[in-house]
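Let me begin by presenting the structure, written as structure tokens, before commenting on it.
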Amino acid sequence: MQQATIKDLKAKRRALWRQRFMENWRVFMHNPLGRIGISLLIMFGLMAVCSYIPPMIDPMYHPMTGVDPKVVSSVGPSWQHWLGTDFMGRDIFSQLLAGARVAFLVGVSAAFMSVVLGTAVGMTAGYMGRFTDTALMRLADMIMVLPTLLVVLMLAALFGQLSIWMIVLMIALFRWPGVSRIIRAQTLSLKQRPFIDAARVSGASHLRIIFRHIMPNVLPLAFLYMTFRVTSAIVIEAGLAFLGFGDPGTVSWGMMLQWVWKTGHMFQAPYWLLPPGICISLITLSFYMLGRAMDEVLDPRLRDETQAG
Amino acid sequence: MSQSRENKTILQLERVSRFYRTRGNVFRGGGRLVVALNEINLSLRAGEIFGLVGESGSGKTTCGRLIVRLEEADQGCITLNGEDITHLKGKKLRDYRRQVQMVFQDPYQSLNPQVTIADSVAEPLITNKVGSPLDHMERVLKVLNTAGLSPAEDYVYRFPHQLSGGQRQRVAIARAIILEPSLLVADEPTSMLDASYSAQIFEILQGVRDKMGATIMFITHSMASARYLCDRIGVIYRGHLVEQGPAEQVINAPRHPYTKALIDATPKFGRAAEVPTYGTLLAAERPATTSAGCPFFRRCALAERLLCAGTYPPWHQVGPGQVALCHLLEDAAPAVNSG
Ligand SMILES: Nc1ncnc2c1ncn2[C@@H]1O[C@H](COP(=O)(O)OP(=O)(O)OP(=O)(O)O)[C@@H](O)[C@H]1O
Ligand code: SF4
Ligand SMILES: [Mg+2]
């Protein structure tokens, strides 16, 4: 083939993907939920990134170990401490920034793991059918009926303090069944579609059919579920931390709430209580809005395809 | 037509049957047996276009799916070039599929919506590990041009929903012929398309036969398109093959009552469509007393109750290369070989 043709084709390919992205982006941004969700998430993202700055300005702004020597008990907002300090003189604002980092870390990694696991299990069960399907789905049922927070609490009580990564892993391990059910249902219906037969006639192996033909069709759905999983992961982590079973080495918003409560500042220090509370609500809300807007992006296309048939 | 071509048999179906068991209730049972194909005998000659004609639900698609081995026959034997392929598995099945490809009925469903045209068409090359990626693109472009999508460069990087139905069917044909198969099963490739597209698709299929030397099994419910495209025709009714022969003969001198009914149902230009030429189709189905008799008994206007309801009709040789399955052809010589 000529060099010019190849270049031309490559340009066409780039154009195709760009066009696909722009189309989806337009639908997404058309939705007010999408716009609000994205703006809030960008704000939280900036907070997470900026969390590295205060400790660099002055070690006393370190969210965990930095103590203002002039402060002996919790004080309200000032120029020195924009949101005040906690009971031992640590800066609440820098704790809040660090909390954003932890929320993203916990939320996104737990959600990612549970969605990867759920998608893999769902596709396998749906495609293989028979015994594999039954076995995997019974397992999913068993895990699904367990109340995640309660079980993790019990485990934490058994094994002492859990590290943040253990918590992430637990959440992932307990939250995949919901995803796998959805993906399985989708796989079952995809499996019946003629393009799977066409792929088989083309000589595609089972693995190729799963990864090349079924996966691209379930990924958007999996991605959608990931946003909802992020929400639940953040809430579970906050709950654990508030109840005193969080990782003592990290400053999460749930942890901050626990400190407020344990030191008896619930009703004395609104500057301390409100920011983490509001942040938890807002970040879960924004992931939820993101998901709803994405739903809108996916839905018309799914509808399009079924109509075409 | 191509009677002068070599008459080597490429594909042979011998007494091939396929049953579906409809699902019963929870307590096991109630499952009914649907006979989709009943002891079909067929042989396709190298380089011909063979038309399999029948109404909806007669088992045409099932027959095609058995041939490309998307399904397995419950009884009987299918051979390609003398090799038994009825129960092939694994690597041998994959090798077999290099030679036998299929174009599906619904072009809106037979292409993966999330896969680009380039990747869809190149798939057989990838799964069979033929050539390098650059090679693939070259062959994809060439075969798309052959299938009438030109300039092919404009189509390769699109998703199926960005093409019309006719264009999608061309893509499906391109994918089916990229490995230059010796046998192509085309399952009603135009039934979902506008009439104007049909003629173009037919032309492409003819080209595939003429230029690649492929044998084509063309499945259709329309006598008109079978007449246009096919060298030989087989007529199938509810899983039973009832007549087979050269296209011209079967259409101009049909012998089986069902074939006649099909031709009556074909719209004709310049003729009052309401007056049937043969009138072999009963307006109302008659109740069948047994299941042993002629498959067409319930709708046949010519049926003789005693004979047709009770015994399965024999094959009769009714013309050169033409056979039909009916009691009322006693004048003609009984056929020795129905295939
Ligand atoms: N998977 C299946 N399960 C049960 N019955 C089936 C199945 N596939 C086909 N059948 C039955 O087998 C018979 C033949 O079906 P087939 O699809 O081969 O017909 P067809 O001639 O292709 O019809 P059409 O022109 O509508 O495509 C029908 O009665 C159908 O109901
Ligand atoms: S055998 Fe009898 S019922 Fe069957 S097609 Fe011939 S005439 Fe009709
Ligand atoms: Mg069909």
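Naming: A, B, ... by sequence-line order, numbering from 1 per chain. Values in this document were obtained by computation on a predicted structure and should not be read as measured data.
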Can you confirm whether more than 12 heavy atoms, excluding those of [X], are under 6.0 Å from its [atom1] atom?
X	atom1	result
A/Arg35	CZ	yes
B/Phe19	CZ	yes
A/Arg292	CZ	no
B/Phe159	CZ	yes
B/Phe202	CZ	yes
A/Tyr225	OH	no
A/Met128	CE	no

Contacting moiety of [X], where chain A heavy atoms sit under 4.5 Å:
X	result
B/Thr116	side chain
B/Arg97	both
B/Val100	backbone
B/Gln105	neither
B/Arg65	side chain
B/Leu111	backbone
B/Tyr96	neither
B/Asn128	side chain

inquiry  = Is A/Arg208 close to chain B through its backbone or its side chain, or both, or neither, when contacts mean heavy atoms under 4.5 Å?
reply    = side chain

key: Residue part contacting chain B, namely of A/Ala15, when any heavy atom lies under 4.5 Å   = neither

Max heavy-atom pair count under 4.5 Å with chain A, selected residue of B/Pro107, B/Gly165, B/Ser110 = B/Ser110

Look up atom [atom1] in [X] and atom [atom2] in [Y], then write down how far apart they are to the nearest 0.5 Å.
X	Y	atom1	atom2	value
B/Gln162	A/Arg20	CD	CZ	8.0 Å
A/Arg193	B/Tyr108	CZ	OH	14.5 Å
A/Leu190	B/Asn112	CG	CG	8.0 Å
A/Met215	B/Gln114	CE	CD	11.5 Å
A/Arg13	B/Asp119	CZ	CG	7.0 Å
B/Leu141	A/Leu9	CG	CG	6.0 Å

Test item: [X] and [Y] side chains (from C-beta on) under 4.5 Å apart, heavy atoms:
X	Y	value
A/Lys12	B/Asp154	yes
A/Phe195	B/Pro113	yes
A/Arg212	B/Ile126	no
A/Asp197	B/Val68	no

Side-chain donor or acceptor of B/Gln101 paired with backbone N/O of A/Val201 under 3.5 Å = yes

remark   = Closest heavy-atom pair, A/Gly203 versus B/Thr127, reported as atoms and distance to 0.1 Å, is O-CB, 3.4 Å

inquiry  = If you count heavy-atom pairs within less than 4.5 Å of chain B, which of A/Ala199, A/Ser205, A/Pro216 leads?
reply    = A/Pro216

